[in-house]
Protein chains: 2
Amino acid sequence: MRGLIAGLLRGEWRGGARLTEAEAVEKFGVSRTPVREALLELQGLGLVELRRNCGAVFLPFGPNELHEIYAVRSLLEVEAARLAAGKIGKESLDSLIAAFTRIRDSGGVDPDWEHDRTLHRVIAEASGNHRLSSEISRYGDLIQSVREIVGERDYGIHEMTADEHLSILKAIGENDSGAAAAAMKLHLEQASDSAAAAAELMRTTAKH
Amino acid sequence: MRGLIAGLLRGEWRGGARLTEAEAVEKFGVSRTPVREALLELQGLGLVELRRNCGAVFLPFGPNELHEIYAVRSLLEVEAARLAAGKIGKESLDSLIAAFTRIRDSGGVDPDWEHDRTLHRVIAEASGNHRLSSEISRYGDLIQSVREIVGERDYGIHEMTADEHLSILKAIGENDSGAAAAAMKLHLEQASDSAAAAAELMRTTAKH
DNA sequence: ATTACGTAAATTGTATACAATATAACACCT
DNA sequence: AGGTGTTATATTGTATACAATTTACGTAAT
């Protein structure tokens with residue numbers, strides 16, 4: 001079923017397009033049960049809208065929608081960064097700092113956003129609020145899904161992103177809540193613009 | 001299926017208890033398909049944890065969990081109040097103010113939290129951020145579910161709640177973002193304590 | 001010509017049967 | 001006696017058949 005969601009995301013996502021359960025069954029070669037569960041899951045993430053007897057409508061993801069998503073994500077993660085200040089163990093912090101320093105200096109690429117997701121997960125868990133951490137994890141899934149849809153990659157912005165990550169970690173290590181929150185806010189504003197640009201790029205290239 | 005969720009919520013919610021799909025089928029007299037969808041929905045709200053081949057575990061809801069939930073809710077709704085300042089139409093605002101003034105002065109009771117939910121919905125929609133509004137709506141469902149679980153009622157706190165609502169509306173009407181955010185924050189802190197107290201009461205009375 | 005009604009088609013909601021997988025118990029080996 | 005492998009059972013994941021509901025179309029009446 002998890003693979004079904006990935007398949008739906010990878011297929012071309014025309015905003016407003018409708019897909020009935022029967023069409024999805026034919027397209028993916030599975031039965032209606034996993035199709036229904038996958039669509040309900042996507043509805044839970046706010047990616048599709050399920051209308052009775054009308055099929056699932058794929059919601060559009062343009063720059064505006066991405067800015068909205070990142071605005072909510074920012075509320076959650078900025079608070080998590082504030083709460084996590086001074087609460088991440090030294091060894092864990094050092095290993096994260098080493099990883100991002102290496103990435104920044106080597107100019108390496110992280111196509112699956114592996115380190116990025118690890119960083120945000122560690123900060124969320126260090127907040128001490130399980131519910132907040134769980135919501136951030138859910139939004140992480142959403143962000144990853146949207147990245148699939150808009151085809152966002154990290155090429156070109158990687159050194160800058162690593163720097164932003166290091167600023168957040170530095171503030172957390174120094175137990176500076178305000179600085180941690182501010183650094184996270186700035187980082188997510190950059191990420192928001194980057195994602196919106198990817199969406200705009202997809203929109204324009206899909207025109208012809 | 002919606003009724004199934006209500007049934008699961010109304011049944012005694014012992015934190016940590018496990019319920020297999022087969023048991024739910026026997027208990028509610030429906031087939032596994034709607035049971036599965038209901039459990040997946042509850043998982044999406046973070047009310048149960050689904051472990052493969054182990055049944056669904058009912059997560060506990062004590063004072064600590066409720067404070068966590070309300071902390072997240074506060075992040076969302078405080079921002080919504082800030083954004084909604086000056087954006088609610090006069091007629092809509094006046095009708096809300098009239099309703100809560102009447103409630104406050106008459107000492108009436110709103111057992112299903114009808115007006116409360118309307119107020120928070122109107123503010124969320126006025127924020128202009130559809131995604132934020134959608135998340136607040138989702139948290140409204142969660143809050144309502146938790147109220148069912150812990151048996152929270154609004155008796156006794158109603159005049160105070162109405163006053164808090166009026167403060168929020170006043171600030172929004174005066175286009176004062178800061179005051180609107182502060183009033184909403186205060187209101188949700190009160191609500192958080194009230195919900196936590198209800199959870200504590202349930203815990204202690206369930207002891208014997 | 002337009003509207004109302006009825007029927008048929010399509011789509012979702014539900015039930016049940018079957019397959020896959022994980023847990024647990026039990027026997028056997030060391 | 002303790003550990004390991006195997007088998008049996010329990011539970012979830014999937015497929016298919018059926019019921020209910022809704023939409024759309026066609027026909028007839030005004």
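Just so we're clear, the structure is a prediction, and the values are computed from it rather than from any experiment.
Nearest heavy-atom pair across Ala195(A) and Tyr70(A) is CB-CE1, 3.6 Å. Here the shortest heavy-atom pairing between Ala84(B) and Ile172(B) reads O-CG2, 3.6 Å. Across Val122(A) and Ser92(A), no two heavy atoms sit closer than the pair CG1-OG, 4.2 Å.
When DNA chain D is scanned in the 5' to 3' direction for atoms under 4.0 Å from non-hydrogen atoms of chain A, the outermost contacting nucleotides are dT14(D) to dT22(D).
With DNA chain C read from its 5' end, the first of the two nearest nucleotides for Glu23(A) and Arg32(B) is the one closest to Glu23(A). Nearest-nucleotide mapping onto DNA chain D: of Ala22(B) and Ser31(A), the residue sitting toward the 5' end is Ala22(B). Remark on DNA chain C: of its neighbouring residues Thr33(A) and Arg18(B), the 5'-side contact belongs to Thr33(A), judged by nearest-heavy-atom nucleotide.
Ser127(B) and Glu79(B) share no donor-acceptor pair across their side chains, judged by distance under 3.5 Å alone.
Applying the side chain to side chain donor-acceptor pair (under 3.5 Å) test to pairs two or more places apart or on separate chains, those with a residue in residues 55-67 of chain A are His67(A)-Ser192(A).
If you measure from atom CG of Asn53(B) to atom C1' of dT23(C), you get 7 Å, rounded to the nearest angstrom.
Remark: of the listed residues Leu4(B), Leu47(B), Val146(B), Leu47(B) is the sole one forming a side chain to side chain contact (heavy atoms under 4.5 Å, CB included) with Leu9(B).
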